[in-house]
Amino acid sequence: MQMEIRAAAIRGVDRLIDDLGGDGAGLLGEFGVSPGDLDSDHGLLPAVTAGRILRNAAKKLDCPDLGLRLAAYQDMSMLGPLALAVGNCDTVGEGVDCASRFLFVHNQGVRLSRADDPERYAGVGAVEYRMLHPDIPYEPQTIDAGLGLLHRNLITMSGGYELLGVYMPHPPLTDESVYTDFFGAPVRFDTGRALLRVPTNLFAQPMATPVNPELRRMVVEYLEAHYTDPRDSFTTTVRSAVGRALGTVPARIDLVAEWLHTHPRTLQRRLAQEGTSFQAILDDVRKSAAHRLLTGTDMPFSQVASLVELAGQAALTRASRRWFGRTPTQVRRDARCISQSPRVGKS
């Protein structure tokens, strides 16, 4: 199956090509892509095509540092909703972890993670950028663009940081000084890894811009509800689909199976192989949703019952006793008592 990524991954390449004396729209058109596809937050294109566009442009324009130049054209906004989640984390480290968790929304073939310093210096860590999908040909321009953008995003998140060194998995595509000028740090080539070496205290550094924790929470909940990491188990995939359905459309097995492009019997069989069932997942999702609505809102119990697809308040009461050993009234009351109790060390 052909892997698709968000077209925004190469956003700006058409303008870059124009600035270098080429025809950006024309070159994209050779691959069946339009500039509007790149500017849309919903546009997709095959990952292989994205790499070919960069390689073709670099060759036609005799611009071996095209990937680095593209990184200079981009910023965190090209990550779409993920940018809101990352940019509203409290610290740089939490932002990196958030990007690591949800980067598959932007590009399923890339992973981002904290790593140990390959040179094993005390007080030094790394942020590693990895291409994982075996069906995507290795494209050095893509690595240059990705690692270059990671560096620029860390500058934005921190307000400026000390980059100690850069590891590139391939030979330099142009003079090595172009790389050191771009990163402002020593660059090692042919290392087999793409990473930035940074002081470990960078991860504890507060975000340079004001953050909105409530916005972060809302965006993370949206990403959790609408996207499924391809590394997840089938059980997790089904649970995510049930969560999307609950309260909006009937959370039925036939509907979820249709969303996942499988037959209901196949869905049940795969869940059984993982030790669960559709009904068990549905019940657990209902339980989690009910607890969130009972403890986090003042919503009437009849409405809570409707949103978790139970037949009225009496059914909610029975389910609540089974799930929590308490009635909905007791669950809500106990949550309020906990939130209102004085904290240790507070007057």
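Just the heavy atoms: all of them, side chains too, but no hydrogens, waters or symmetry mates, feed the values below.
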Interatomic spacing from CG in Asp65 to CG in Leu173 - rounded to 0.5 Å = 8.5 Å
How about Pro171 and Asp190: do any of their side-chain heavy atoms sit closer than 4.5 Å?
-> yes
From Leu164 CG over to Leu196 CG, what is the distance, rounded to the nearest 0.5 angstrom?
-> 10.0 Å
Say whether, by atom type as modelled, one donor and one acceptor occur between the side chain of Gln74 and the main chain of Arg11 under 3.5 angstrom.
-> yes
Between Arg114 (side chain) and Gly125 (backbone), is there a donor-acceptor pair under 3.5 Å?
-> no
With distance as the sole test, does Glu128 use its side chain to make a donor-acceptor pair with the main-chain N or O of Leu195 at under 3.5 Å?
-> no
Could you tell me whether a side-chain N or O of Ser306 sits under 3.5 Å from a main-chain N or O of Ser302, the two making a donor and an acceptor?
-> no
Taking atom OH of Tyr121 as the centre, does the number of heavy atoms from other residues, nucleotides or ligands within less than 6.0 Å exceed 12?
-> no
Closest heavy-atom pair and its distance - Val256, Ala241 | CG1-CB, 3.8 Å
Does a sphere of radius 6.0 Å around CG in Asp90 hold more than 12 heavy atoms from other residues, nucleotides or ligands, not counting ones at 6.0 Å or beyond?
-> yes
Minimal non-hydrogen separation, Ala50 against Ile5, with atom names = CB-CD1, 3.9 Å
Is the number of heavy atoms from other residues, nucleotides or ligands under 6.0 Å of Arg265 CZ greater than 12?
-> no
Which heavy-atom pair separates Gly159 from Ala208 by the least distance, and what is that distance?
-> N-CB, 3.4 Å
Out of curiosity, Phe234 CZ to Glu274 CD, how far, rounded to the nearest 0.5 Å?
-> 7.5 Å
Nearest heavy-atom approach of Val96 to Met157 is N-CE, 4.0 Å
Spell out, as yes or no, whether a donor-acceptor pair under 3.5 Å connects the side chain of Gln303 to the backbone of Pro300.
-> no
Could you give the distance from CZ (Arg52) to CG (Leu45), rounded to the nearest 0.5 Å?
-> 11.5 Å
Please answer: with hydrophobic residues joined when any side-chain heavy atoms are less than 4.5 Å apart, are Val105 and Leu150 in the same cluster?
-> yes
Okay, side chain of Arg197, backbone of Val124: is any donor-acceptor separation there less than 3.5 Å?
-> no
Common cluster, Val33/Leu44, ILVMFWY with side-chain heavy-atom separation under 4.5 Å | no
Student check: side-chain heavy atoms of Val166 and Arg188 closer than 4.5 Å | no
Return yes if some donor-acceptor pair links the side-chain N/O of Asp144 with the main-chain N/O of Leu68 below 3.5 Å, else return no.
-> no
Check ion pair Lys60-Asp23 (N to O, under 4.0 angstrom) = no
Flag, side chain of Asp37 to backbone of Ser34, donor-acceptor distance under 3.5 Å = yes
Distance from Thr317 atom OG1 to Phe301 atom CZ, nearest 0.5 Å?
-> 7.5 Å
Electrostatic pair Arg101-Glu224, nearest N-O below 4.0 angstrom = yes
Taking Ser320 for the side chain and Leu316 for the main chain, is one N or O donor matched with an acceptor at less than 3.5 Å?
-> no
Sub-4.5 Å side-chain heavy-atom contact between Glu119 and Tyr167 | yes
Is there a side-chain contact between Trp323 and Arg286, using heavy atoms and a 4.5 Å cut-off?
-> yes
With a 4.5 Å heavy-atom cut-off, do Met299 and Leu307 have their side chains touching?
-> yes
Taking all non-hydrogen atoms of both residues, which atom of Cys89 and which atom of Glu94 are closest, and how far apart?
-> SG-O, 3.6 Å
Would you please test Ser277 and Gln268 for side-chain contact (heavy atoms from CB on, under 4.5 Å) and show each step?
-> CA-CA 6 Å; Ser277 68; Gln268 284 283 41; 4.1 Å; yes
Taking all non-hydrogen atoms of both residues into account, name the closest pair between Ala305 and Gly312 and its distance.
-> CB-O, 3.5 Å
Is any side-chain heavy atom of Thr91 less than 4.5 Å from a side-chain heavy atom of Phe203?
-> no
N/O donor-acceptor pair under 3.5 Å between Arg55 side chain and Glu139 backbone | no
Would one find more than 12 heavy atoms of other residues, nucleotides or ligands at under 6.0 Å from atom CZ of Arg326?
-> yes
Take Thr262 and Arg270 through the test side-chain contact (heavy atoms from CB on, under 4.5 Å) and record every step on the way to the result.
-> CA-CA 10 Å; Thr262 190; Arg270 292 185 63 181; 5.5 Å; no
Would you check if Ile10 and Leu38 make a side-chain contact, meaning some heavy-atom pair closer than 4.5 Å?
-> yes
Is it possible for you to say whether Phe102 and Met218 belong to one hydrophobic cluster, with membership spreading through side-chain heavy-atom contacts below 4.5 Å?
-> no
Determine, for Glu221 against Arg217, whether the closest basic-nitrogen to carboxylate-oxygen distance falls under 4.0 angstrom.
-> yes
Is the Phe183 ring parallel, tilted or perpendicular to the His151 ring (thresholds 30°, 60°)?
-> tilted
Side-chain contact test, heavy atoms from C-beta onward, threshold under 4.5 Å: evaluate it for Phe182 versus Arg69 and give yes or no.
-> no
Give the cluster check for Ile17 versus Leu70: same hydrophobic cluster or not, with ILVMFWY residues linked at side-chain heavy-atom distances below 4.5 Å.
-> yes
Can you tell me how far the CD1 atom of Ile53 sits from the CG atom of Asp14, to the nearest 0.5 Å?
-> 9.5 Å
Residue among Leu112, Val92, Leu202 satisfying side chain to side chain contact (heavy atoms under 4.5 Å, CB included) with Val127 | Leu112
